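In what follows, a single structure is set out as structure tokens and then discussed.
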Amino acid sequence: MREVPGVRRWHRALALPFGLLLIAATALVAQTAAPPQRIVSLIPSVNETLFAIGAGPRVVGVSNFDRFPPEAATKTKVGGLIDPDIERILSLKPDLVVVYGTQTDLRAQMERARVPMFLYQHAGLADITATIRDVGRRVGNQQAAVMLADRIDADIAAVRRRVAGKPRPRTLLVFGRDGETLRGIYASGALGFLHDMLEAAGGANVFGDVKRQSIQATTELILARAPDVIIEIESTGTPNTKAWDALPSVPAVRSHRVYLLQGDEMVNPGPRVAHAIQRMAEVLHPEK
């Protein structure tokens with residue numbers, strides 16, 4: 001049977017006098033509770049959180065896709081979701097690696113190297129601030145994390161209040177498309193933080209009955225769903241929104257309610273999520 005780490009030390013401690021036992025227990029707790037000093041994170045939203053709560057100086061490695069805050073871009077790049085550079089990660093001698101829960105191979109490599117990990121999972125809007133609190137607790141910046149999460153929750157609640165009671169336009173939320181065409185369209189389904197952001201901003205997801213995070217939407221499907229508003233979100237690049245003119249019978253196109261919202265905050269479930277929701281609300285309910 002595999003021995004649980006730390007159990008052998010506790011067995012030895014049981015043979016000590018009570019005073020020495022107390023000292024040993026305190027030392028063990030201090031050892032396990034020591035905040036990490038060399039953090040590698042492959043998740044842009046978690047890196048943004050680390051910098052926002054004051055742990056940025058302890059970050060030594062980030063993903064290839066980190067752009068915010070600007071300080072993150074100066075850190076060593078260690079790959080991404082599908083291509084983590086394990087050799088480079090280990091060369092940084094991390095005492096904490098933040099990984100996606102789905103990165104099973106990377107997790108196995110870190111376990112073999114006995115590197116502590118924080119497992120991240122994509123989920124809903126409420127999980128964003130929960131993750132911020134968890135990250136703060138794990139890295140020893142709990143108070144700053146709680147303050148940040150509370151402020152985000154309050155800002156989102158304020159947006160909900162401003163749009164409460166207003167008509168909720170049926171909205172197509174697009175987060176991927178071949179730039180010059182209406183091919184390769186990916187839209188938000190009824191699960192995940194993008195759907196929750198749209199709902200908080202006062203929109204009704206045109207695919208709100210499809211219990212999936214993403215949907216590959218054809219033009220025929222979009223014509224059938226007939227959204228009142230189309231919102232495209234992009235972290236970089238400038239999709240050609242004129243491409244939607246090819247669907248003049250769609251209410252959103254006919255009424256000129258096709259919007260492009262650019263910025264990392266629109267696609268990163270991190271500390272700027274309340275600002276992203278506010279931006280959605282401004283195009284959904286310009287009168288508010």
Side-chain angles (χ1 to χ4, degrees), residues 4-10 13 21-81 84-101 103 106-123 126-153 268-273:
V4 178
V7 168
R8 182 179 298 171
R9 279 175 286 177
W10 280 108
L21 175 60
L22 183 59
I23 293 172
T26 303
L28 183 58
V29 170
Q31 179 183 340
T32 57
Q37 299 302 310
R38 297 185 62 80
I39 305 170
V40 171
S41 171
L42 287 93
I43 294 90
S45 59
V46 173
N47 286 328
E48 187 174 333
T49 294
L50 290 167
F51 281 90
I53 64 176
R58 289 182 274 148
V59 175
V60 295
V62 299
S63 82
N64 293 349
F65 306 99
D66 277 87
R67 289 182 289 269
F68 189 88
E71 298 91 329
T74 67
K75 305 293 184 176
T76 301
K77 304 294 186 182
V78 296
L81 172 61
D85 189 331
I86 294 171
E87 184 176 344
R88 179 168 289 184
I89 291 171
L90 294 176
S91 74
L92 294 172
K93 302 186 184 306
D95 51 7
L96 181 68
V97 176
V98 184
V99 303
Y100 289 99
Q103 291 180 298
L106 175 59
R107 289 169 57 185
Q109 296 272 10
M110 294 301 104
E111 286 173 0
R112 279 195 288 273
R114 298 183 179 276
V115 177
M117 287 177 287
F118 179 94
L119 302 185
Y120 174 85
Q121 299 279 1
H122 264 311
D127 297 292
I128 295 175
T129 48
T131 297
I132 289 172
R133 293 182 177 95
D134 288 343
V135 168
R137 188 161 45 246
R138 181 63 181 83
V139 303
N141 292 56
Q142 184 171 359
Q143 183 176 359
V146 169
M147 291 176 63
L148 173 62
D150 287 350
R151 184 169 71 248
I152 293 169
D153 285 338
N268 264 0
R272 292 176 292 163
V273 65

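The shown structure was predicted, so the numbers you read here are calculated from the model rather than taken from an experiment.
Atom CG of residue Asn64 and atom CG of residue Leu81 lie 11.5 Å apart, to the nearest 0.5 angstrom. Rounding to the nearest 0.5 angstrom, the gap separating the CD1 atom in Ile132 from the CG atom in Asp127 is 11.0 Å. Between Phe65 atom CZ and Asn268 atom CG the span is 11.5 Å, to the nearest 0.5 Å. To the nearest 0.5 angstrom, Ile43 atom CD1 is 9.5 Å from Gln121 atom CD.
One N or O on the side chain of Gln103 and one on the backbone of Gly80 form a donor-acceptor pair closer than 3.5 Å. Judged by distance alone, with hydrogens and angles left aside, the side-chain atoms of Arg38 form no donor-acceptor pair with the main-chain N or O of Val60 at under 3.5 Å. Remark: the backbone N or O of Ser41 is paired with a side-chain donor or acceptor of Asn47 at under 3.5 angstrom.
In terms of the salt bridge (Lys or Arg N to Asp or Glu O under 4.0 Å) criterion, Arg107 has no residue partners (sequence neighbours excluded). In this structure, Ala130 has no side-chain contact (heavy atoms from CB on, under 4.5 Å) partners at least two apart in sequence or on a different chain. Residues satisfying the side-chain hydrogen bond (donor to acceptor under 3.5 Å, both in side chains) criterion with Arg88, sequence neighbours excluded, are absent altogether.
Between Leu42 and Val98, every side-chain heavy-atom pair lies at or beyond the 4.5 Å cut-off. A 4.5 Å side-chain heavy-atom check between Phe68 and Pro271 finds every atom pair outside the cut-off. Within the 4.5 Å cutoff, the side chain of Met110 has no heavy atoms near those of the Pro84 side chain. Counting heavy atoms from C-beta outward, Val115 and Ile89 have side chains that stay 4.5 Å or more apart. By the 4.5 Å heavy-atom criterion applied to side chains, Val135 and Tyr120 are not counted as neighbours.
A donor-acceptor contact closer than 3.5 angstrom links the side chains of Ser63 and Asp66.
Residue pairs meeting the side-chain hydrogen bond (donor to acceptor under 3.5 Å, both in side chains) criterion with at least one partner in residues 89-100, sequence neighbours excluded, do not occur; the list is empty. Listed by first then second residue, pairs satisfying side-chain hydrogen bond (donor to acceptor under 3.5 Å, both in side chains) with a partner in residues 71-81 number zero, not counting sequence neighbours.
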Result block: side-chain N/O donor-acceptor pairs under 3.5 angstrom for residues 139-152, not counting sequence neighbours:
{"residue": "Asn141", "atom": "OD1", "partner": "Arg58", "partner atom": "NH2", "Å": "2.5"}
{"residue": "Asn141", "atom": "ND2", "partner": "Ile53", "partner atom": "O", "Å": "2.9"}
{"residue": "Asp150", "atom": "OD1", "partner": "Arg133", "partner atom": "NH2", "Å": "2.7"}

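Nearest heavy atom pair, residue Val62 against residue Ala72, reads CG2-O, 3.5 Å.
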Inset, instruction - Mind running side-chain contact (heavy atoms from CB on, under 4.5 Å) on Thr49 and Thr131 for me, showing each step along the way? - result: CA-CA 9 Å; Thr49 294; Thr131 297; over 6 Å; no
